[in-house]
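Before any comments, here is the structure.
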Amino acid sequence: MRIAYVFFGAFLAIAQSAYAEVASPPVLAPLKRQAQAAELSAQFLSRYSYKPVPLDDALSARIMDQFIKSLDPDRMLFLQTDIDKFMSGRSEIDDAIERKDLKIPFAIFNAYEQRVVDRMNYARSLLKQDFDFSAQENYSVLRDKAPWPQSKAESNELWRKRVKSDWLRLKLGGKNDAAIRETLDKRYENTLERAYKFKSDDVFQSFMDAYSTSIDPHTDYFGAAASADFNVSMKLSLFGIGAVLQERDDYTTIRELVPGGPAQLSGKLAVGDRITGVGQGKDGAIKEVVGTRLDEVVQMIRGKKDSVVRLDILPADAGADGTHRVISLVRDKISLDKQAARKTVLSVKAGDATRKIGIITLPVFYEDFEAKRKGDQDYKSASRDVAKLLDELKEEKVDSVLIDLRNNGGGSLDEAIDLTGLFIGNGPVVQQRGSDGKIEVKSAELAAPVWTGPMGVLINRGSASASEIFAAAIQDYGRGVIVGEPSFGKGTVQTVVDLDQIVRNSKPEFGELKVTIAQFFRVDGGTTQLHGVTPDISLPGLSDPTNFGETSYDNALPWAQIKPANYTPADTITTLLPTLQSRHDARVESNPDFQRLLKDIADLKAQREKGVVSLNESERRKEAAAREKRFKDRAEEGDGEDLGDDGLEAGERSLSADIAIENARKNAKDVLLDETVAILADEADLQEGVLKAATKESGNTNGK
């Protein structure tokens, strides 16, 4: 205990001496239930993970490094002297957790808060001066591996360049000096205010995130709020009023009304309205929420079905002193349809025919576990929704089906298996090896596939886990063509463990663990771990594999291989691939949209590798002029508009401007999707040709 106490005291001394000139944020301290939850998590993770990692000095050091990185990823806040002091407790975290003592991470977080306050106050003070944009200076935008500042003076110089860079972006975006000062002062003030709103649970969640991901990249801890969000993401539903909310200038603002939700049906709310107070029930007192954290307001508005919530509303068109109105809404079940499977149909020329391609976009492999467990016959399920869409596409007589899994990070393993069954019927889909080394083959069990025609899967670096299981199975069976980038490379299986249930706690206090329990393998015996799914036909991508994907984690499981499952692959796609590839190559070579995309990707990669931006106005204007010319030429050719860089961050524009930009991005030409649709049209064309040839050959044979 003594070591931890001395360690904690050292941080209090730093805070008092270095930050006496600014108001200190509240000192946060751990709660008893948090210390108990950490110790309980340690017991479980040390024994039951797929590859158990003992809580010892080595893991303690990794947790410390991960925690500090999560707080200051760009090494812009802490000084080297801070890091040196932190490191004195680097090997003590394991002992402290076992003693149910969380003083070390809380001391670090309190020091972090002080640094945020100090740096934001310094940044705001810099706005009183002018900057010389004729000087030849660069600002480093990649500092994750840079040394921490050695002194306050060195940190000041870093922040001078940071503020100068922010200023120049706004200047190039057309803002005058007065507007720039106002915008940046508000931006830094908002960051400053957030430092005063942190709660004990925020610290604990951050620390447990560092602990869990130090075990392996996909082990997670869920506190109450994180657990609720995870459940909503899997159910695609919640009980509330049906409004998407955003924090803007201390107000909780309505950004979107969910069609069919209580808020939209009432006719009493509009986009841009601000919620200034929330009351429970028909007569409950209304609590003011101006300046309250968005997540806390959301929790106040959510509640049980058919219960009443009262909102104090400041209308969108009213000034700060405008007339408020109080409205009552009855909470109801809200379906998050934007995350559900959806379809579109595109027509494209292939050979001498026009082909109709049905596109099913699936953002996540969702499944309402609770409703399924209770026997609800209409529970929410990705595979069930896709099955309905496939029936609709058959009615529309499409020639081929594309499953778009771009940026689908996974979800339910059962849903991935059932979705595969829609295209293969009955057969092995994935092999799973547990920590005991036993291998279980998991199979789809449909009597017959729902879709037997040509199909394909579109993936990118953001396609992970369940997405990779599905894409890999389709590829191994030769059932369809896989198009896109190599996928994420997550070949592990997790389950969610309720810590309160483990200790038979009657009330929710300790949270949940998402624990890696197995590794999955393809039916061909390989694994997607690290390698991901390699597409049959590759398309370019914007992501950086060194910073995004399984290979970016230094504690990821290695690639492995086991015996293949008993399955029967087809060679249809393998036979067609050379022709599909040659048609693709010829098409993109003469496609100006595709060639411009390649140029954009090359420019982004060059900028990423450069790692710095110039703070010289003349140089930046030349860069901007070249970019504007490129986009102007595109616009003249009908390829959308240049959204430009106005230097503003989310929430700094008007709400209508933010929504307009968001819609413009949604409606921008999807070059990669268009090319994938063309590939599937070729696949349908070629398969039809093969079928006709086989039928003709069969007829000739029968005739003889």
Side-chain angles (χ1 to χ4, degrees), residues 228-229 231-284 286-290 292-318 322-344 361 363-364 366 368 371 378-380 385 388-389 650-651 653-667:
D229 289 341
N231 290 334
V232 166
S233 72
M234 293 309 296
K235 294 179 180 180
L236 291 196
S237 67
L238 55 86
F239 294 112
I241 64 170
V244 178
L245 307 177
Q246 181 183 33
E247 186 177 327
R248 300 178 68 89
D249 294 333
D250 282 340
Y251 286 106
T252 297
T253 305
I254 295 176
R255 182 182 177 86
E256 183 181 336
L257 296 175
V258 178
Q264 188 261 334
L265 292 177
S266 73
K268 300 174 182 177
L269 288 171
V271 171
D273 283 353
R274 290 153 288 179
I275 300 172
T276 61
V278 180
Q280 306 300 331
K282 296 179 180 179
D283 305 312
I286 291 180
K287 180 180 178 181
E288 184 177 319
V289 295
V290 177
T292 302
R293 287 174 23 161
L294 181 63
D295 60 333
E296 294 179 8
V297 179
V298 168
Q299 290 305 313
M300 294 168 69
I301 293 175
R302 289 180 186 174
K304 292 182 179 180
K305 179 177 169 60
D306 296 329
S307 61
V308 174
V309 62
R310 295 163 66 232
L311 305 178
D312 189 335
I313 300 297
L314 181 61
D317 55 0
T323 302
H324 292 234
R325 64 173 184 270
V326 176
I327 67 169
S328 294
L329 296 172
V330 178
R331 297 179 177 103
D332 200 354
K333 184 175 182 178
I334 307 299
S335 296
L336 306 180
D337 292 332
K338 282 191 174 183
Q339 288 297 303
R342 59 187 184 275
K343 71 173 175 68
T344 54
T361 302
V364 67
Y366 51 89
D368 191 338
D378 196 31
Y379 70 89
K380 198 69 176 171
D385 287 351
K388 293 173 187 174
L389 296 177
R653 303 176 191 89
S654 68
L655 183 56
S656 59
D658 266 349
I659 293 173
I661 290 174
E662 186 178 301
N663 290 335
R665 286 175 178 150
K666 285 180 184 175
N667 298 328

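Computed from a prediction, not measured in an experiment: that's the story for all the values here.
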About how many Å separate [atom2] of [Y] and [atom1] of [X], when rounded to the nearest 0.5 Å?
X      : Y      : atom1 : atom2 : answer
Glu247 : Asp295 : CD    : CG    : 9.0 Å
Leu329 : Ser266 : CG    : OG    : 5.0 Å
Gln280 : Lys304 : CD    : NZ    : 12.0 Å
Phe239 : Lys305 : CZ    : NZ    : 6.5 Å
Ile241 : Arg302 : CD1   : CZ    : 11.0 Å

When you measure from the side chain of [X] to the backbone N and O of [Y], does any donor-acceptor pair fall under 3.5 Å?
X      : Y      : answer
Gln246 : Leu294 : no
Asp337 : Ala340 : no
Thr276 : Asp312 : yes
Arg325 : Lys268 : yes

Any side-chain heavy atom of [X] sitting closer than 4.5 Å to one from [Y]?
X      : Y      : answer
Leu238 : Asn231 : no
Val290 : Thr252 : no
Ile286 : Val278 : no
Ile275 : Ile301 : yes
Ile254 : Val244 : no
Pro262 : Asp332 : yes
Val309 : Leu311 : yes
Lys380 : Tyr366 : yes

If you draw the axis of the six-membered ring of Tyr251, does the NZ or CZ of Arg274 fall within 45° of it and under 6.0 Å from the ring centre? yes

Can a salt bridge be assigned to the pair [X] and [Y] using a cut-off of 4.0 Å between side-chain N and carboxylate O?
X      : Y      : value
Asp283 : Arg310 : no
Asp273 : Arg255 : no
Glu296 : Arg293 : yes

side-chain contact (heavy atoms from CB on, under 4.5 Å), that's the test. Do Lys235 and Leu336 meet it? Break it down for me. CA-CA 9 Å; Lys235 294 179 180 180; Leu336 306 180; over 6 Å; no

Quick check: closest heavy atoms across [X] and [Y], and the distance to 0.1 Å?
X      : Y      : answer
Gln339 : Val364 : O-CG1, 4.0 Å
Arg248 : Ser654 : NH2-C, 3.3 Å
Gly322 : Leu314 : O-CD1, 3.9 Å
Leu269 : Ala263 : CD1-CB, 3.8 Å
Ala243 : Val258 : N-CG2, 4.2 Å

Verify whether one side chain among Thr361 and Arg342 offers a donor that lies under 3.5 Å from an acceptor in the other. no

Checking Ile327 against Ile313 for the side-chain contact (heavy atoms from CB on, under 4.5 Å) test, could you report, in this order, the C-alpha distance in whole Å, the side-chain angles of both residues, the deciding distance, and whether it holds? CA-CA 8 Å; Ile327 67 169; Ile313 300 297; 4.3 Å; yes

Run the side-chain contact (heavy atoms from CB on, under 4.5 Å) test on Glu256 and Lys338 for me, step by step, so that the C-alpha distance in whole Å, both residues' side-chain angles and the decisive distance to 0.1 Å come before the verdict. CA-CA 12 Å; Glu256 183 181 336; Lys338 282 191 174 183; 2.9 Å; yes

